[in-house]
Number of protein chains: 2
Amino acid sequence: MDIPQPGEVRRPTIEGVRRLNLGRVLRLVHATGGVSRAVLTHETGLNRSTIAALVAELEAASLVEEQAPSVTGQVGRPSPLVAPGDRVVAIAVTPELDAVTAEVVSLGGRRLARVRREVASVPTPEETVEVTVSILEELDHALRGRLVAGIGLAVPGLVREREGLVVLAPHLGWSDEPIGQRLGAATGLSVVVSNDASLGALAESRFGAGRDVPNMVYLHGGPSGIGGGLVLGNAPLGGVDGFAGEIGHTLVVGSGRRCDCGASGHLDAEVRREELFAALGLSDAEGDRIDEALREAYEHGPSAELAELVDRDLELVAVAIANTANVLNPRLVVLGGFLSALVVVAGDRLRERVAELALPGVAASLAIEPAALGPSHIAVGAAELAFEPLLDDPLAFRFPATAVS
Amino acid sequence: MDIPQPGEVRRPTIEGVRRLNLGRVLRLVHATGGVSRAVLTHETGLNRSTIAALVAELEAASLVEEQAPSVTGQVGRPSPLVAPGDRVVAIAVTPELDAVTAEVVSLGGRRLARVRREVASVPTPEETVEVTVSILEELDHALRGRLVAGIGLAVPGLVREREGLVVLAPHLGWSDEPIGQRLGAATGLSVVVSNDASLGALAESRFGAGRDVPNMVYLHGGPSGIGGGLVLGNAPLGGVDGFAGEIGHTLVVGSGRRCDCGASGHLDAEVRREELFAALGLSDAEGDRIDEALREAYEHGPSAELAELVDRDLELVAVAIANTANVLNPRLVVLGGFLSALVVVAGDRLRERVAELALPGVAASLAIEPAALGPSHIAVGAAELAFEPLLDDPLAFRFPATAVS
DNA sequence: ACGAGTATGTTTGCGAAAGCAACATATAGC
DNA sequence: GCTATATGTTGCTTTCGCAAACATACTCGT
C-alpha cells in the first residue's frame, strides 16, 4: 500500500536478499515486457544459476512465464524469453468531471480492457465507488482467473497517499474523503490513491520520455489545472504526505491573479487551459486534439491573439521550470497535457528562455521534452502504483481471494 | 567519492549484506558518538550474535573501540559501549574571502583541531591548495598515527560533485576549477567538494535541527548570498550534477532587482545580508553575533527602518519557503546563517505567512526552525561528506598510506 | 547476604542463498 | 560436419545471519 520511501532500509537478512533479487528480476520483466534470461543475468549482475532459480520461483507463482527463445541470429545457445505472466493485472480508476473510467492493465503494461462510464453530474466519492464496482462486475469475464494486484486511483487534487485520503480535490468537490478505504472495502482489493500528475510522472518516467532518466520533473496541464510530479533517483518523490510536486502552485508573476489556493501569481492561476482552448476554438471535450490543433494553427500562421497567449504562457512556464530546476537540478523536464502542445510548437523558444532564467550549470544539463505517452498515461501510472507492492516483494504478496476464480 | 544516489542498488550478493550491515552499524556508532551493543541490536533488528561479529570486525579494522559498560542502573547484564575509533578522522576545508580554514574532525563528530589561516586577498584555487597543504603540515603531530578518511571541501558556489569541479563561485572569483583533483594530488588524500549550503543541510540533518527528520529543506544565508540544501529520505539530494538546492535563485517578486545569475526578483537578490547588517550597525566580521544583535534590537524595540527591513525579508523568505514546500512537501525547513536570526525574532509571523502562502495540506505538516548548530556546521557537513564512503562500505575502504604513520 | 529475575554476551550448529566450476546444449560461421 | 561461442544445468562451496543453549552480570526483594 505504501510507496517505499528512499532511505527505508529493507531488513538486511539473507532472505531479504532473495526478496530484493526476486523484485529486481520481476521489475525488469515488467519494465521491458519480456526479456531473455541472458539479459537478466547481465542486467542484474547475478550468476546464471541464480537467475535460473529466481525465474523458476517467479514462474511457480505464475508471475512470469518462460517462453521458447526467439530467433535472434546470434552465436551461442539461445536464451529463453521471460515474459510477464498474463494472469496478473492491476486496475486503474480515474474519476473525472463527467465520467468514471476503469482500465485493466496487465503486468508488462498491456491494456486489456477499458470501460468509461459517463455520469450525469460530477461524481461524489460514493458514486465513484459504486460505478467502479459496477464496472468491475461488467469486466467479470475479463477478470475471471486473473490475479488482481490492486486498484490504483488517480485523483486531481491533494492526496495523503499513506492513508488513501483525498484531502482536497477542488474540481471534484471532494475534501477529506477516505476513498481508499471505502473502495477497498467495496471491492476487497487493496487500493492506492495518488495525485493524477504524480501518476503521470511515474508513467512517463517508466515508459515514456523519462525512460532511463533517473532525475525527472513532470508538469501536467489538465482540465483541473497544472500539477506536477517528481521522480528523483528513479523513485517517485511523494514528500511527507504525498503532496510533493505541486509545481502549479509556484510564484511566476508578482501581484498576479488570485489562485484557488489563496495566494496570487501562481502558475496554475496564470496559465489556463481554457484560454488556450478558447483561442483555438476548441471545445472542452476535444482535449486530446490540442497538440494537433495548435500545430495546425502554427503551420498556417497563428492569429495575433493566439501568438500572444502562447508567448505569455511560454514565458510563465519557463519561469516555473527554471525555479524548479534550480532547486532540483534534474536531467529532464517533461510537459504533459496541454502543456506538451507548447513544446511541440515552440520548444526551442521555451528551452532558450529556461536557459536564460535558470542557473547556467543547471540549464546546461537540462532537457525539456513533450510527454511521449498518450492521454491514457495517467491510468498507466495508476496501474504502476498498484503493482508496486508486488514488484517490491513478489513472493510475500498475497492476491485477494475474491479475484481468483 | 560519490554521494550514493537513492535508487542506486548495491550489489545484492551475500557479501553485500555484510557490507551493508557493517555500514549500518558504523553509521549508528558515528551518528550517536557511541552506543551500547544492546542498542545496536535493537536499532538494526539484527541478532545479538550478528552484532557481536560485526562489531568485532569493525574493531579489528580500528574503526570502533569497545569500552567497559557504563553504569546504567538497569536490570540485566550491562552491554559494552561501542565508541568510534579515535584514530579515524576527516579534514574539512573551507576557503573564505579572507581566510582558509582546515579542521580535523574525528569519527563521531568531535572536533580535534582547527587552524584558520588568514590570506591577504581572496584565495585562488592554487592558494587554497597551498594553504591547506601547509596547514596539514602544521597539524602533522595531531595527524600522526591517525587514519584520514579524506578531505571535504566546502565552496560557496556551483559544484559538480562527481568531478570535484567548481563550476562557478562568484564570490571567490573561481570558475571551472578542478580543485578536487588538485587538492587530491597535493595531499594524497581523497577529496570531495560540495556546495557550502548543501553541506550545512547535511550537518543540520544529521546532528542539528533535522535529527530524526527524513525530509528536510535547509536555507542558508551566508556572506556570499542565500543557498540551500535538500535532504530527502535521509539522503542528501544533489541532483544530476550536484547543483540541487539553489533555493536562493527562486522568483519571489515580479520585476525585482537584478540577480547575479542574470534573472530578476530572485530571493538571493532581494534579501541581502549586508542590508540587515547595516541596519543593525554590525560590521561584516561580526557575522556570528547576528542572532544575538537582532534579538537585542527587538527586545528594546527595533527602529522603524529595521522593522521594515525585517518584515520585507520575512515576507520574501516566506514566499520562497512556500514555493519550495509546495514542490517538495518536507516535514521541516531549517534556516541557517543570518536567516536563522529572522526565525528567532519573528518565527511565528514567518510560520503564519508560510501557512497562508503554501497549500493547506503542505503547510499543516511543515515546521520551520532555526539552525541548531553553530557557525562551524558547514565544516561538520564537509567532514560528514568525507566520511561517507567509509560509512558506506567500511571494510572496503582503504586509507591512504601517507597518512598512516 | 543471598536467591530470583532479567537482560545481555558467547558459543555452536543450522539453513538459506549466491557463487563457481564442470558439463551439457543449441546456435552461427566456415 | 567441425569449431567457436553463449547459454542452460547440476552439484559443491562459501558466506552469512539466526536460533538455541548456556554463561555472566546486574537489580530487586527479603
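- A search for salt bridge (charged side-chain N to carboxylate O under 4.0 Å, His left out) contacts involving B:R110 returns nothing, not counting sequence neighbours.
- A:R27 has a carboxylate O that lies under 4.0 Å from a charged side-chain N of A:D392, or vice versa, which qualifies the two as a salt bridge.
- Not counting sequence neighbours, the partners of A:E66 by the salt bridge (charged side-chain N to carboxylate O under 4.0 Å, His left out) test are A:R37.
- One interatomic measurement links the two molecules: CG of B:L20 to C1' of D:dT15, which rounds to 15 Å at whole-angstrom precision.
- As a whole-Å value, the separation of B:L40 CG from D:dG17 P is 14 Å.
- If you take CG of A:L81 and P of D:dT7, they are 14 Å apart, rounded to a whole angstrom.
- Distance, A:E66 CD to D:dT9 C1': 12 Å, rounded to whole Å.
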Intermediate values then yes/no, side chain to side chain contact (heavy atoms under 4.5 Å, CB included), B:L199 and B:L385: CA-CA 8 Å; B:L199 293 173; B:L385 197 62; 3.8 Å; yes
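- The shortest distance between the side-chain N/O atoms of B:S79 and the OP1/OP2 oxygens of C:dA7 is not below 4.0 Å.
- A heavy-atom distance below 4.5 Å is found between the side chains of A:L328 and B:L237.
- Listed by residue number, the members of residues 30-39 of chain A with any heavy atom below 4.0 angstrom from DNA chain D are A:R37, A:A38.
- Judged as a side chain to side chain donor-acceptor pair (under 3.5 Å), and not counting sequence neighbours, B:R160 has no contacts.
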Nucleotide-resolved protein contact map, nucleotides 20-30 of chain D, B/S/- at heavy-atom distance under 4.0 Å: -B-BBBBS---
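- The CG-P distance, from A:L22 to C:dA16, rounds to 15 Å in whole Å.
- B:E65 meets the salt bridge (charged side-chain N to carboxylate O under 4.0 Å, His left out) test with no other residue; sequence neighbours excluded.
- Comparing B:P80 and A:L54 against DNA chain C, the residue whose closest nucleotide sits nearer the 5' end is B:P80.
- For B:N21 and D:dC16, the shortest distance from a side-chain N or O to OP1 or OP2 is not below 4.0 Å.
- The local environment of CD in A:Q181 is sparse, with at most 12 non-hydrogen atoms from other residues, nucleotides or ligands closer than 6.0 Å.
- Rounded to an integer number of Å, the gap from B:R18 CZ to D:dT15 P is 11 Å.
- Rounded to whole Å, atom P of D:dC16 lies 16 Å from atom CZ of B:R24.
- What separates CG of A:L395 from P of C:dA17 is a distance of 10 Å, to the nearest Å.
- Here the side chains of A:V25 and A:V64 are not in contact, with every heavy-atom distance at 4.5 Å or above.
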